[in-house]
Protein chains: 2
Amino acid sequence: MDINDEKLIKLFHSRGFKVTPQRLGICNYVLKSTDHPSAEKIYSNIKKKYKTISRATVYKTIALLKEMGLISELNLNTTPSRYDPNQNIHVNIICPKCNSISDYESEVVEEFFLNLKSELDNDILGQNLDVYKICETCSKKK
Amino acid sequence: MDINDEKLIKLFHSRGFKVTPQRLGICNYVLKSTDHPSAEKIYSNIKKKYKTISRATVYKTIALLKEMGLISELNLNTTPSRYDPNQNIHVNIICPKCNSISDYESEVVEEFFLNLKSELDNDILGQNLDVYKICETCSKKK
DNA sequence: TTATCAATTAATAATCATTACTCTTTGATA
DNA sequence: TATCAAAGAGTAATGATTATTAATTGATAA
Ligand SMILES: [Mn+2]
Ligand SMILES: [Mn+2]
Ligand SMILES: [Zn+2]
Ligand SMILES: [Zn+2]
C-alpha cells in the first residue's frame with residue numbers, strides 16, 4: 001500500500017473519523033511495515049514519537065485500519081496477533097523458530113485463488129494462506 | 001482419521017504416554033469431530049461422561065494430540081482456537097456470521113499445494129488455508 | 001477567532017482463553 | 001501388591017485484548 005498523510009487524511013474524513021497525530025503516526029508505520037508487526041511492536045515504535053500514547057489507542061487504530069480494509073489481522077499459533085498491510089493475494093511464510101513472517105506472491109498462488117473462488121461461487125469474503133517453513137537466517141545457524 | 005481405542009492405546013504406549021479413560025474420551029471425541037470444536041466445546045462434551053474432568057486435562061490432551069500430529073489448531077480472528085482432526089490438505093471455509101467451519105477439498109487445492117511446495121524447495125512444515133464465506137444456513141435467513 | 005461538543009485520548013480496570021502450579025490419584029511395571 | 005513417575009482435579013496466574021472513565025482535542029459554525 002503506497003500511502004501518504006494526504007491520502008490518509010482524505011480516507012479518515014470520508015469515513016467521518018477524526019485525524020489525529022497519533023492515528024497518522026500509527027497508520028503510517030503499519031501501512032509501510034513489511035515485517036507483519038504485533039500490536040506491541042507498533043506500540044513501542046510509536047511511543048518513540050508520542051511518549052504518552054496508550055496501548056488502547058494502538059488497538060483502536062488497528063481496528064480502524066481493519067474496518068477500512070487497509071490491513072488484515074494474522075492469527076497464528078503463536079500469540080499475539082500480527083498485522084499485514086499487504087492486501088494482495090499472497091502466502092504468509094512463517095518461521096516457527098523465530099516467528100518472522102514474509103510474503104510470497106506467485107502465479108501459482110494467484111491462479112489457485114482464482115480457481116478456488118470460481119469453485120466457491122465467487123463469493124469469498126476474505127482469505128488467509130499460511131505456510132510454515134524455517135527461514136534463511138534460522139536454517140543457517142545449525 | 002479413522003481411529004479406535006486399540007489404535008489410540010498403541011499410539012500412547014509407543015510414545016510413553018499413559019492411557020487414561022479421560023484421554024481416550026477426549027481423543028475419540030476430537031478425532032471423530034467434523035465441526036472443528038473449541039476447547040470449551042470439547043470440555044462440555046466430555047464432561048457428560050466424566051463429571052469431574054478439568055479444563056486443564058482437556059488442554060493438556062489437546063497438546064498431546066497436536067504433538068502426535070493428529071490434529072491441528074486453527075487460530076481464527078474469532079477467539080477461541082478451534083481444533084481440526086482432518087490432516088489432509090484442505091481449505092477451511094469459515095462463516096463470519098455463525099463461526100461454523102467446514103472442510104473443502106478439491107483437485108485445485110491439492111495441485112496448488114504441490115506446486116507451492118515445489119516452489120518453496122519442498123520443505124514446508126505445515127500450512128493453513130482459510131477462506132471466509134457466508135454458510136448455507138446463514139445465507140438463507142435474510 | 002472562539003465556543004461548542006462529540007470524538008478521541010491516556011490511564012486503568014476488566015475480561016477471558018490458556019497455562020502454571022499444587023496436591024491427590026492412578027496406570028504401568030516388577 | 002508395592003512402588004513411583006505421570007496424570008488428574010482444582011485453582012491461581014498470565015497475558016493479550018477490550019471496556020471504562022475522565023480529560024483533551026479536532027471539526028464545525030457562529
Ligand atoms: Mn503478508
Ligand atoms: Mn478443517
Ligand atoms: Zn527464523
Ligand atoms: Zn453461518
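Values in this document were obtained by computation on a predicted structure and should not be read as measured data.
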Q) Between atom NZ in A:Lys49 and atom C1' in C:dT9, what is the gap in whole Å? A) 17 Å

(Q) Which residue in the set B:Thr34, B:Asn128, B:Asp103, B:Val30 passes side chain to side chain contact (heavy atoms under 4.5 Å, CB included) when paired with B:Asp84? (A) B:Asp103

Q: Nearest whole angstrom, please: distance from the C1' of D:dT17 to the CG of B:Asn77.
A: 13 Å

Q) Once you round it to whole Å, what is the distance between P of D:dA6 and CZ of B:Arg15? A) 16 Å

Q. Quick one: B:Ile42 CD1 to C:dA17 P, roughly how many Å, whole number?
A. 14 Å

Q: Walk me through it: do B:Asp35 and B:Arg82 pass the test salt bridge (charged side-chain N to carboxylate O under 4.0 Å, His left out)?
A: CA-CA 9 Å; B:Asp35 63 344; B:Arg82 307 276 289 264; over 6 Å; no

Q | Length of the line joining A:Phe12:CZ and C:dT8:C1', which is rounded to integer Å | A | 12 Å

Q: Any side chain to side chain donor-acceptor pair (under 3.5 Å) involving residues 106-116 of chain A? Give me the pairs, sequence neighbours left out, ordered by first then second residue.
A: A:Ser106-B:Glu119

**Q.** Donor-acceptor contact below 3.5 Å, side chain A:Arg55 vs main chain A:Glu40
**A.** no

(Q) What is the separation between atom CG on B:Leu64 and atom C1' on D:dA7, rounded to the nearest whole Å? (A) 10 Å

(Q) Heavy-atom nearest nucleotide on DNA chain C for B:Lys66 versus A:Phe17: which residue maps closer to 5'? (A) A:Phe17

Q: Sugar-phosphate means primed atoms, P, OP1 and OP2; the rest is base. With that split, encode nucleotides 8-16 of chain D 5' to 3' as B, S or - using protein heavy atoms under 4.0 Å.
A: BBB-----S

Q) Are A:Val108 and A:Ile93 connected in a single hydrophobic cluster, I mean Ile/Leu/Val/Met/Phe/Trp/Tyr linked by side-chain heavy atoms less than 4.5 Å apart? A) yes

Q. So B:Phe17 and B:Phe12, would you call those rings parallel, tilted or perpendicular, with 30° and 60° as cut-offs?
A. perpendicular

Q: Round to a whole Å and report the spacing from CD of A:Glu67 to P of C:dA7.
A: 14 Å

Q. What is the distance from CD1 of B:Ile26 to C1' of D:dA7, rounded to the nearest Å?
A. 11 Å

